[in-house]
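In what follows, every chain begins at residue 1, and chains take the letters A, B, ... in the order their sequences are listed.
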Protein chains: 2
Amino acid sequence: MTGIVVNGEVSNMTKPASKGKGIPAEARIRSRNEAKILHSAVQLFAAKGFDGTRLREIAEHCGLPRANLYYYFSSKEGIYTTLIEQLLARWDRAFEHIRADREPSRALEDYICAKLEYSRTHAVESRFFANEILRGGKFLTHRHRSHMQQITEQRAEVVRGWIRQGKLVAIDPYHLFIMLWSATQFYADYGFVAARTLDKQRLTRKDFATAAETIAETVLHGCCTADKPASCNDPAADSSRPDSR
Amino acid sequence: MTGIVVNGEVSNMTKPASKGKGIPAEARIRSRNEAKILHSAVQLFAAKGFDGTRLREIAEHCGLPRANLYYYFSSKEGIYTTLIEQLLARWDRAFEHIRADREPSRALEDYICAKLEYSRTHAVESRFFANEILRGGKFLTHRHRSHMQQITEQRAEVVRGWIRQGKLVAIDPYHLFIMLWSATQFYADYGFVAARTLDKQRLTRKDFATAAETIAETVLHGCCTADKPASCNDPAADSSRPDSR
DNA sequence: TGATTAGTTGACACTAATGTCAACTTCAGA
DNA sequence: TCTGAAGTTGACATTAGTGTCAACTAATCA
């Protein structure tokens, strides 16, 4: 599931939308169908990229006639950019565990667990993003790019603070983020390879738990000056832990 | 550069090929043009995937008329599978540093450096492979898959040996490989994101050196029981170090 | 119930993709 | 320089892609 689908499409059609009429409390046809389309689209874009995906395939996948897609979205690009918007809105969440007021070992561990949980439950969205990156981020606007950069910079400063306090060994924050990001991302993007490596058809919940343990133990022991972390499944962690879903 | 291009195409055309004639020592037209085509193809496939790449684009990119491509390859799929073959032939090399007779810290460090060097110099091939994986490895045969698995298994056994000898902490070899693989792979596949993260247009040689240092220090300190590793650029390493090119 | 808006859909125009072919040029050896 | 093989290429057939449109049905409200 793509979750709550925001109506992000900036349509070029003439639609009064709010003409004073009462909104029928019942499931709006528009939002239901837009969600259907986006849900099908993200899966196909994730596997075959923008150029490789046919509108006919999306239509077949979600059981609507192809022409109907043009009623809801102005073009293939319209569908794609709507998905990009949705995805980028979530970019921040990945980093929300990295806060100055937390112990680095706990914060990094929670980050790893949350990111892995996202890889497990949102593998499709993750692959969609990977595909966009592989093609050089052609659909990412300047706004998207600077947003990503700004968030990263904020969190890098938190890491630098930890280092100044002697809580973390001197490490390049950006390369640390890349290491954590890539390790957790891998289980979604390369899920196929990961499963083959582990000699399985599909990755199980347990595989993700082992992954979390391995990454956390290695990275945290490798760069934290304090004690070892607890397990991700240990509810006795510090402070508030935002839900990854 | 794609390097040495093997004539891997199993063509369905009638071509005697070796009819007793002496092979003209001079640059063979066939191999030159096949190389041209493959070199252009890998770049386009890397960016847009199999379905997203048009044969016309490949033809334009390498300056040959489209019809000429069909003289050298039976189809688009023929070009693609030739590239897959070439790539998989190199799969083994990534692991050649992981040998039982080496110290794990040295071996893992060399692996990291070699893999990053590959990401730096062969980013296109790396992205081509990533694209294939994202689409679920549709073009990987059973032979490819079991080959990958077999090589991985061999090297996992080496890691288990190191753990038995107390040279490495108890760690899941597969997840260790995934961690190393993903961190190094990232700089090729997500080069765009990595560059943005580091606030640059393109990754420099120095960025790769810092990446190597960060990954090596973190991972090796995190899982090796012995001392810290030397730098990748330090020529005073142990034994033979196969060239990554 | 009748008018208005929202949503559906087959058909169409247009462009472009793949793969084939036959006629052509170039090359290599006798 | 002649000949057969290798290599080149414009044109073609076929299929499929995107986006538009007008006519249709369903929903909503006065």
Round to the nearest Å and state the distance from [X] atom [atom1] to [N] atom [atom2].
{"X": "E34(B)", "N": "dT8(D)", "atom1": "CD", "atom2": "C1'", "value": "15 Å"}
{"X": "L64(B)", "N": "dG7(D)", "atom1": "CG", "atom2": "P", "value": "13 Å"}
{"X": "D51(B)", "N": "dG17(D)", "atom1": "CG", "atom2": "P", "value": "10 Å"}
{"X": "E77(A)", "N": "dG19(D)", "atom1": "CD", "atom2": "P", "value": "9 Å"}
{"X": "F73(B)", "N": "dT18(C)", "atom1": "CZ", "atom2": "P", "value": "15 Å"}
{"X": "L69(A)", "N": "dG17(D)", "atom1": "CG", "atom2": "C1'", "value": "14 Å"}
{"X": "L55(A)", "N": "dA16(D)", "atom1": "CG", "atom2": "P", "value": "16 Å"}
{"X": "I37(B)", "N": "dT8(D)", "atom1": "CD1", "atom2": "C1'", "value": "12 Å"}

Would you check if there is a donor-acceptor pair between the side chains of R135(B) and N131(B) at a distance under 3.5 Å? yes

Using distance alone, with no hydrogens and no angle criterion, decide if Y118(B) and Q185(B) have a side-chain donor and acceptor under 3.5 Å apart. no

Closest to the [X] side chain: [options]?
{"X": "K76(A)", "options": "dT18(C), dT18(D), dA17(C)", "answer": "dT18(D)"}
{"X": "S75(A)", "options": "dT8(D), dG19(D), dG10(D)", "answer": "dG19(D)"}
{"X": "A67(A)", "options": "dT8(C), dC21(C), dA11(C)", "answer": "dA11(C)"}
{"X": "P65(A)", "options": "dT9(D), dG7(D), dT9(C)", "answer": "dT9(C)"}
{"X": "Y70(B)", "options": "dG7(C), dT18(C), dA6(D)", "answer": "dT18(C)"}
{"X": "N68(A)", "options": "dT8(C), dG7(C), dT18(C)", "answer": "dT8(C)"}

Side-chain N or O of [X] less than 4.0 angstrom from OP1 or OP2 on [N]?
{"X": "R66(A)", "N": "dT8(C)", "answer": "no"}
{"X": "R30(B)", "N": "dA6(D)", "answer": "no"}
{"X": "R54(A)", "N": "dA17(C)", "answer": "no"}
{"X": "Y71(A)", "N": "dT8(C)", "answer": "no"}
{"X": "N33(A)", "N": "dT8(C)", "answer": "yes"}

Quick one: does E57(A)'s side chain get under 4.5 Å of H61(A)'s, heavy atoms only? no

Do F73(A) and Y80(A) make the cut of ring centroids closer than 6.0 angstrom? no

Centre-to-centre under 6.0 Å for Y187(B) and H175(A), is that the case here? yes

